[in-house]
2 protein chains.
Amino acid sequence: MDTSLTQEELRDHIIDSATRSFEQYGYHGSGINYIIAQAGIAKTTLYRHFKTKEALILAAIQKEDVKFRREMIDYVSARSESPREQLLLTFDFMDMCFKHEGFYGCIFISATSEFSDKNSMIFIEAAKHKHYMVQYFVKLAAEAGFAHPKEIAAKINVLHEGCVAVAQVNTYDNAAIHAKSIAKIFLENQG
Amino acid sequence: MDTSLTQEELRDHIIDSATRSFEQYGYHGSGINYIIAQAGIAKTTLYRHFKTKEALILAAIQKEDVKFRREMIDYVSARSESPREQLLLTFDFMDMCFKHEGFYGCIFISATSEFSDKNSMIFIEAAKHKHYMVQYFVKLAAEAGFAHPKEIAAKINVLHEGCVAVAQVNTYDNAAIHAKSIAKIFLENQG
DNA sequence: GACTTGCGATACAGATCTGTCTACAATAAC
DNA sequence: GTTATTGTAGACAGATCTGTATCGCAAGTC
């Protein structure tokens, strides 16, 4: 690295750099040597902060979970106070994500693809993120006064996952906008 | 292998065996040695049929594309002659897929995750499958008489991708049934 | 019966992977 | 000044990966 960083900052820098690599090349496709080259650090440094590659992956997933949800919540909270509106605004947030250069898909879905053993730590952490996402949708649906917030949330979640997958394959498909318009129609038909 | 197979049958057997491995462990996670052990063949045999691992992956993707779409079309065609009904029946087909033991997610999405370079043959072949899927939805939507079949198809596609991703993380979520009920409401509101 | 073809088994080459080790520099604490 | 800590640089071990080469066997063809 270049200039003075605290241990915490350096650790974050390693995670961020590794995350970009995981996004682009997947977990198995991202070698330790490549990761440290991208981060500009020595191998010793990486292994001082993370005992194994799996520990690095877990840290990356956990950090991305917190970051993604915080950014999403900030985005929608800044634009509306209505829970129902917020449910729909999450799709605008997704749309913004897709247009970012460096978007290659959902690293949590990728994690469950590459580590399909449902007892593995990596699968569990990735699934945890998806669970938190649904919980957030449940909260908004309940606040919006829908009769069956869990069901609403599960369906909003299907639309979210769907637009991510479509955007991953076909970047310029307005997948999030499509998902939003479906969500709108769907919510309007819930009474 | 055990008994007499034609070259074509053996080739198919290798592809099927490799596909199961790719589904469970991903492409980078499936080593050649593991694949041949699972297939019960010699390494020489594999490399006689496929020049490289990439060629094997491409063959697996192409075969799965044809197989999946044929099975889906057969499934819905056998159950209804109404294009509109068929659009909805695709979700029942997905539900059936998810309940199969050995379902680990969509190998086409996994392919685009692990090989994100949009110029790579693997990405292109995987994207081709998704394109064929949308084409099929367009055809059904047009036959059903919807005014904007392409838009309908794109949205049905979002629901498809969504329920696959949800099912991959949480197998017992009735994701396909949720997607179907959204699709139903959505189609009813298209006039 | 000789020859060809396809497959199994396995040794092997060469690359790459994860993770450890040693050596050295810079900085802060005492 | 000494010592502990944290970093860089990179050699290295050992495993694993892709792909090739060699050998033997079985079956079909001439």
Side-chain angles (χ1 to χ4, degrees), chain A residues 1-61 110-111 113-115 117 120-122, chain B residues 1-61 110-111 113-115 117 120-122:
Chain A
M1 277 302 297
D2 34 13
T3 50
S4 59
L5 295 177
T6 68
Q7 282 194 51
E8 196 64 21
E9 286 168 340
L10 178 55
R11 187 186 142 94
D12 276 356
H13 166 72
I14 297 171
I15 293 176
D16 293 344
S17 191
T19 300
R20 280 192 293 277
S21 180
F22 295 148
E23 285 172 344
Q24 184 160 10
Y25 301 108
Y27 299 96
H28 289 103
S30 300
I32 292 290
N33 289 328
Y34 179 79
I35 290 171
I36 62 173
Q38 288 298 111
I41 59 161
K43 195 180 282 192
T44 325
T45 307
L46 186 145
Y47 279 103
R48 198 192 311 281
H49 284 87
F50 306 97
K51 203 184 173 201
T52 61
K53 185 182 178 181
E54 187 189 18
L56 173 61
I57 294 174
L58 285 171
I61 290 177
S110 297
S113 295
E114 291 194 50
F115 305 94
D117 178 359
S120 77
M121 287 300 294
I122 293 176
Chain B
M1 277 302 298
D2 35 13
T3 49
S4 57
L5 294 179
T6 67
Q7 281 195 49
E8 196 64 21
E9 287 168 339
L10 179 55
R11 186 186 143 94
D12 275 356
H13 166 71
I14 297 171
I15 293 176
D16 293 344
S17 192
T19 300
R20 279 194 293 279
S21 181
F22 294 148
E23 284 171 345
Q24 185 160 10
Y25 301 109
Y27 298 95
H28 288 105
S30 300
I32 292 291
N33 288 327
Y34 180 79
I35 290 171
I36 62 174
Q38 288 297 111
I41 59 162
K43 194 179 283 192
T44 325
T45 307
L46 186 144
Y47 279 103
R48 198 189 314 281
H49 285 86
F50 306 97
K51 203 184 175 203
T52 62
K53 185 182 178 182
E54 187 188 18
L56 173 62
I57 294 175
L58 285 171
I61 290 177
S110 297
S113 294
E114 291 194 50
F115 306 94
D117 178 0
S120 78
M121 288 297 296
I122 294 176

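FYI, side chains are in, hydrogens and waters are out, and symmetry mates aren't considered; it's all heavy atoms of this structure. In what follows, every chain begins at residue 1, and chains take the letters A, B, ... in the order their sequences are listed.
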In whole angstrom, give the distance that lies between atom NE2 of H49(A) and atom P of dT18(C).
19 Å
Just to verify, what does S17(B) make a side-chain hydrogen bond (donor to acceptor under 3.5 Å, both in side chains) with, not counting sequence neighbours?
none
Tell me, please, which residues at least two apart from Q24(A) pass side-chain hydrogen bond (donor to acceptor under 3.5 Å, both in side chains).
Y104(A)
Taking DNA chain D as the partner, which of residues 20-37 of chain B come within under 4.0 angstrom of it by heavy atom?
S30(B), G31(B), I32(B), N33(B)
Within-4.5 Å side-chain heavy-atom neighbours: F22(B) and I61(B)
no
Within this structure, what is the CD1-to-P distance between I41(B) and dA26(D), rounded to whole angstrom?
20 Å
Please list, chain by chain and in numerical order, all residues satisfying side-chain hydrogen bond (donor to acceptor under 3.5 Å, both in side chains) with T19(A), sequence neighbours excluded.
none
Rounded to the Å, how far apart are R48(A) CZ and dG19(C) P?
16 Å
Taking all non-hydrogen atoms of both residues into account, name the closest pair between F50(A) and R11(A) and its distance.
CE2-NH1, 3.3 Å
Here the distance between atom C1' of dG6(C) and atom CZ of R11(B), to the nearest Å, is 16 Å
Sugar-phosphate atoms are those with a prime plus P, OP1 and OP2; base atoms are the rest. Using that split, label each nucleotide of nucleotides 20-30 of chain C B, S or - for protein heavy atoms under 4.0 Å, 5' to 3'.
BB---------
The criterion is side-chain hydrogen bond (donor to acceptor under 3.5 Å, both in side chains); which residues satisfy it with K43(B), sequence neighbours excluded?
N33(B)
Spacing of NE2 belonging to H49(B) relative to CG belonging to D12(B), to within rounding of 0.5 Å
9.5 Å
Take atom CD1 of I14(A) and atom P of dT8(D), then tell me their distance rounded to the nearest Å.
8 Å
To check you understand the geometry: which heavy-atom pair defines the closest contact between I122(A) and E54(A), and what is its length?
CD1-CG, 3.8 Å
Take the protein atom CG of L46(A) and the nucleotide atom C1' of dT18(C), then report the distance between them rounded to whole Å.
11 Å
Closest nucleotide among dT18(D), dC7(C), dG19(C) to the K53(B) side chain
dT18(D)
